[in-house]
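Throughout, a chain's letter reflects where its sequence line sits, starting with A, and its residues are numbered from 1.
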There are 2 protein chains.
Amino acid sequence: MDWSGRFFSVHGLRVRSDFGPVPAWSQPIISQPETGILGIALRDFDGVPHLLMQAKSEPGNVNGVQLSPTVQATKSNYGRVHGGAEVPYLELFRHAEPGAVIADVLQSEQGSWFLHKRNRNMVVEVGPGAEAGEDFAWLTLGQVNALLRRANLVNMDARTVLSCLPDWRRQAGAGRALHPDREIRSWITRRRAEHEVEAVPIGLAETDGWHRTEDEVAHDQGLHFRVVGVEVSSHRREVPAWSQPLLEPTGPGVVALFVRRIEGLPHALVRARAEPGFTDVVELGPTVQCTPGNYARLPATDRPPYLDEALRRADQARYDVVLSEEGGRFRHARNRYLITEAEDDLSVVSDEFRWVTPCQLNELLRYGHHVNMQARTLVAALRTV
Amino acid sequence: MDWSGRFFSVHGLRVRSDFGPVPAWSQPIISQPETGILGIALRDFDGVPHLLMQAKSEPGNVNGVQLSPTVQATKSNYGRVHGGAEVPYLELFRHAEPGAVIADVLQSEQGSWFLHKRNRNMVVEVGPGAEAGEDFAWLTLGQVNALLRRANLVNMDARTVLSCLPDWRRQAGAGRALHPDREIRSWITRRRAEHEVEAVPIGLAETDGWHRTEDEVAHDQGLHFRVVGVEVSSHRREVPAWSQPLLEPTGPGVVALFVRRIEGLPHALVRARAEPGFTDVVELGPTVQCTPGNYARLPATDRPPYLDEALRRADQARYDVVLSEEGGRFRHARNRYLITEAEDDLSVVSDEFRWVTPCQLNELLRYGHHVNMQARTLVAALRTV
């Protein structure tokens with residue numbers, strides 16, 4: 001009844017939630033229980049740290065090759081259960097010296113599209129023995145940050161790993177956050193404890209409001225996304241050829257972060273989001289995260305807070321770049337990422353929103369399951385502005 | 001097919017695990033998806049902080065009344081869906097001023113007996129308006145710590161909340177931990193990512209090796225625990241009378257922590273444990289946590305590491321107290337808690353074990369789902385020795 005890829009399947013999910021405008025729905029969702037490794041190797045060249053980046057194509061990319069981490073491997077990849085060639089550089093991560101591990105944390109992936117999916121995000125310092133092979137290059141953090149300002153270039157997996165890299169510009173004690181860390185943790189705890197999201201796996205055929213044809217599973221009104229089957233072949237992959245489902249969103253999304261200085265210290269406006277696929281109910285997301293087309297039918301009062309403000313002021317954004325989500329699972333999934341200075345009179349509209357500092361986000365990123373994928377992209381982007 | 005209490009039910013669980021001597025089994029487990037509040041109010045009297053403790057009886061207690069937190073409330077309690085009287089002091093926690101919240105974190109409960117159970121552990125500072133009602137008393141932390149050395153007196157819910165209280169004796173920079181925080185986090189990440197526990201809910205009747213009679217569900221060999229039905233009445237409870245299942249372990253357990261100074265700094269030997277009911281695969285537990293009777297049939301090589309050492313040296317323990325687990329869900333569940341100075345030649349037998357400092361445990365306790373219930377009791381106990 002479900003739809004299986006090599007390492008994952010698509011099934012149905014029935015959701016009840018006391019968040020958001022829709023209290024109950026069902027939808028297809030990708031189930032990929034394996035935890036993979038997303039890893040970037042870091043090497044010092046004459047005192048300047050460099051990152052080993054990979055030019056990698058994925059079947060769902062709009063443009064073929066994107067800049068990817070040193071390693072993107074599921075456990076099936078590296079367990080070699082499907083045969084295929086070895087994943088280059090994998091052992092640098094699997095058997096890293098404990099003292100060489102700069103970041104190593106389990107982070108969630110898109111909670112509206114993946115059920116309980118997470119990957120191990122790693123940055124490992126390597127010695128001079130590690131050389132860049134074909135399709136790999138050593139880039140400085142400055143170079144990678146510059147490329148993060150180009151459309152559809154730095155891929156999602158690279159962005160999430162970059163967000164977990166401790167921020168070397170971090171200035172301790174430069175000022176006081178609007179809310180102390182303890183208050184932010186308590187707020188997250190309360191949002192997790194007081195609100196409920198019930199997500200029950202069901203068969204794909206039982207998803208109300210969706211239909212399946214020979215080629216796809218799609219929403220009856222053409223909203224949200226469809227799941228399509230694709231045939232993939234590449235001489236560079238670990239396995240010669242395969243067919244798999246890809247999730248294709250109906251339109252580009254908008255992901256926006258409002259920022260401002262409070263008492264001289266930079267802050268960002270985050271939202272405690274409950275996405276049905278999250279392992280722990282709530283994670284912090286950007287100020288705005290949505291596909292505007294999905295709200296066309298709903299009353300204006302149900303439009304996401306701050307969306308209109310973000311679009312109206314997009315021409316003043318400090319960061320305005322279209323980036324792709326993961327091309328191995330999604331087809332042509334793109335979001336317009338915006339970072340915009342908030343106007344002074346921007347008010348916090350509900351308990352779902354809080355101003356937090358980038359330092360506070362860095363701290364939460366060390367523990368996993370606190371900052372969602374879209375917000376992690378913006379954490380990486382914030383370091384480029 | 002399952003067995004329902006007021007706020008929870010007992011069903012079956014099928015487990016596959018690559019941890020421990022038994023790769024697959026099924027068992028009854030308590031399902032209580034609601035997140036409750038365990039809260040202790042803290043008030044300053046002439047510069048000395050006092051904790052508002054409650055003398056509270058529970059149906060499964062060996063001795064009637066134990067010393068409990070200010071509030072122990074499930075959401076059904078405080079949502080009043082079952083009718084009944086108001087929970088005293090609850091509003092101090094539900095509507096605490098953000099700045100008055102000293103600790104507020106979701107912590108797991110016994111992962112072998114509960115599926116994905118967790119409670120919100122809170123410490124809230126209150127003003128002079130909060131008075132101790134009948135069955136309540138203001139005690140200093142020193143008094144509570146002294147009572148923690150009495151058998152079956154400070155209850156489990158009080159102990160877990162106490163462990164989340166920031167340790168006021170904490171000496172920053174007094175020395176360097178054997179493993180930096182980053183290494184400990186990476187070790188936990190790796191244990192979670194590389195090892196798998198699959199836990200699938202099943203009907204109670206499908207649990208192989210267990211049988212149900214009119215009065216109980218029990219293991220065919222009399223191991224582990226049985227689930228019994230009890231009738232409860234109490235004029236002090238929010239609901240006049242009810243019947244419910246209680247989980248009764250077959251014998252007392254042993255929970256032991258080895259401690260030692262490394263480079264002058266105290267360390268404790270913790271184990272990365274995978275219990276089937278954990279939300280996130282692995283949490284840190286004590287050096288030893290088991291019911292020795294369950295291992296009687298297994299070969300000596302399958303006995304838990306350090307168990308024999310802990311029992312052999314129990315007469316030298318710095319802490320040796322029998323404490324009860326929660327009397328609202330368990331019947332006569334007791335563990336012998338031991339804290340013992342390790343001998344110099346005690347070796348770390350596998351990657352499941354690490355020496356960590358109490359400061360590192362305090363840090364992990366701020367984020368939840370990192371330190372298990374039994375280890376949290378020992379964190380509280382460690383502050384009394």
Side-chain angles (χ1 to χ4, degrees), chain A residues 33-38 75 78-79 93-107 116 118-124 164 166 178-196 198 200-201 279-282 351 354 363-370, chain B residues 33-38 75 78-79 93-107 116 118-124 164 166 178-196 198 200-201 279-282 351 354 363-370:
Chain A
E34 291 188 334
T35 300
I37 292 179
L38 308 177
K75 198 181 280 184
Y78 64 78
F93 298 90
R94 288 199 70 197
H95 299 112
E97 284 297 314
V101 176
I102 295 170
D104 185 2
V105 57
L106 293 170
Q107 300 286 10
H116 300 170
R118 57 196 194 159
N119 273 316
R120 191 173 166 193
N121 286 235
M122 298 184 77
V123 179
V124 170
C164 298
L178 180 61
H179 305 286
D181 292 2
R182 202 160 70 179
E183 277 185 39
I184 295 299
R185 291 196 305 269
S186 177
W187 169 57
I188 296 170
T189 297
R190 180 163 51 77
R191 300 295 307 180
R192 286 178 169 169
E194 294 202 339
H195 297 275
E196 274 170 30
E198 185 190 79
V200 180
T279 300
D280 203 356
V281 190
V282 163
D351 184 59
R354 284 286 185 285
E363 177 74 14
L364 293 170
L365 278 166
R366 301 192 304 166
Y367 289 90
H369 295 302
H370 283 86
Chain B
E34 292 188 334
T35 300
I37 291 179
L38 308 178
K75 198 181 281 184
Y78 64 78
F93 298 90
R94 289 200 69 197
H95 300 111
E97 284 298 313
V101 176
I102 295 170
D104 185 2
V105 57
L106 293 170
Q107 299 286 10
H116 300 170
R118 58 198 194 156
N119 274 315
R120 192 174 166 193
N121 286 235
M122 298 184 76
V123 180
V124 171
C164 298
L178 180 62
H179 305 286
D181 293 1
R182 202 159 71 179
E183 277 186 37
I184 295 299
R185 291 196 306 269
S186 177
W187 169 58
I188 296 170
T189 297
R190 180 164 51 76
R191 299 295 308 179
R192 286 178 169 170
E194 295 203 339
H195 297 276
E196 274 169 32
E198 185 189 79
V200 180
T279 300
D280 203 357
V281 190
V282 163
D351 184 59
R354 284 285 185 286
E363 176 75 13
L364 293 170
L365 278 166
R366 301 193 304 167
Y367 289 90
H369 295 303
H370 283 85

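For B:Val281, the part lying under 4.5 angstrom from a heavy atom of chain A is the side chain only. Using a 4.5 Å cut-off between heavy atoms, B:Arg118 contacts chain A through its side chain alone, with no backbone atom that close. For chain A, no part of B:His116 is nearby; none of its heavy atoms comes within less than 4.5 Å.
Listed here is the closest heavy atom pair of A:Glu363 and A:Tyr367: O-CD1, 3.7 Å.
With respect to chain B, the highest number of heavy-atom pairs below 4.5 Å among A:Arg192, A:His369, A:Glu198, A:Arg185 belongs to A:Arg185.
Taking CD from A:Glu183 and CD1 from A:Ile188, the interatomic distance works out to 12.0 Å, rounded to the nearest 0.5 Å. We find the CG-CZ distance between B:Asp351 and B:Arg191 to be 4.5 Å, quoted to the nearest 0.5 Å.
Between B:His179 and B:Trp187, the closest side-chain pair of non-hydrogen atoms is not below 4.5 Å.
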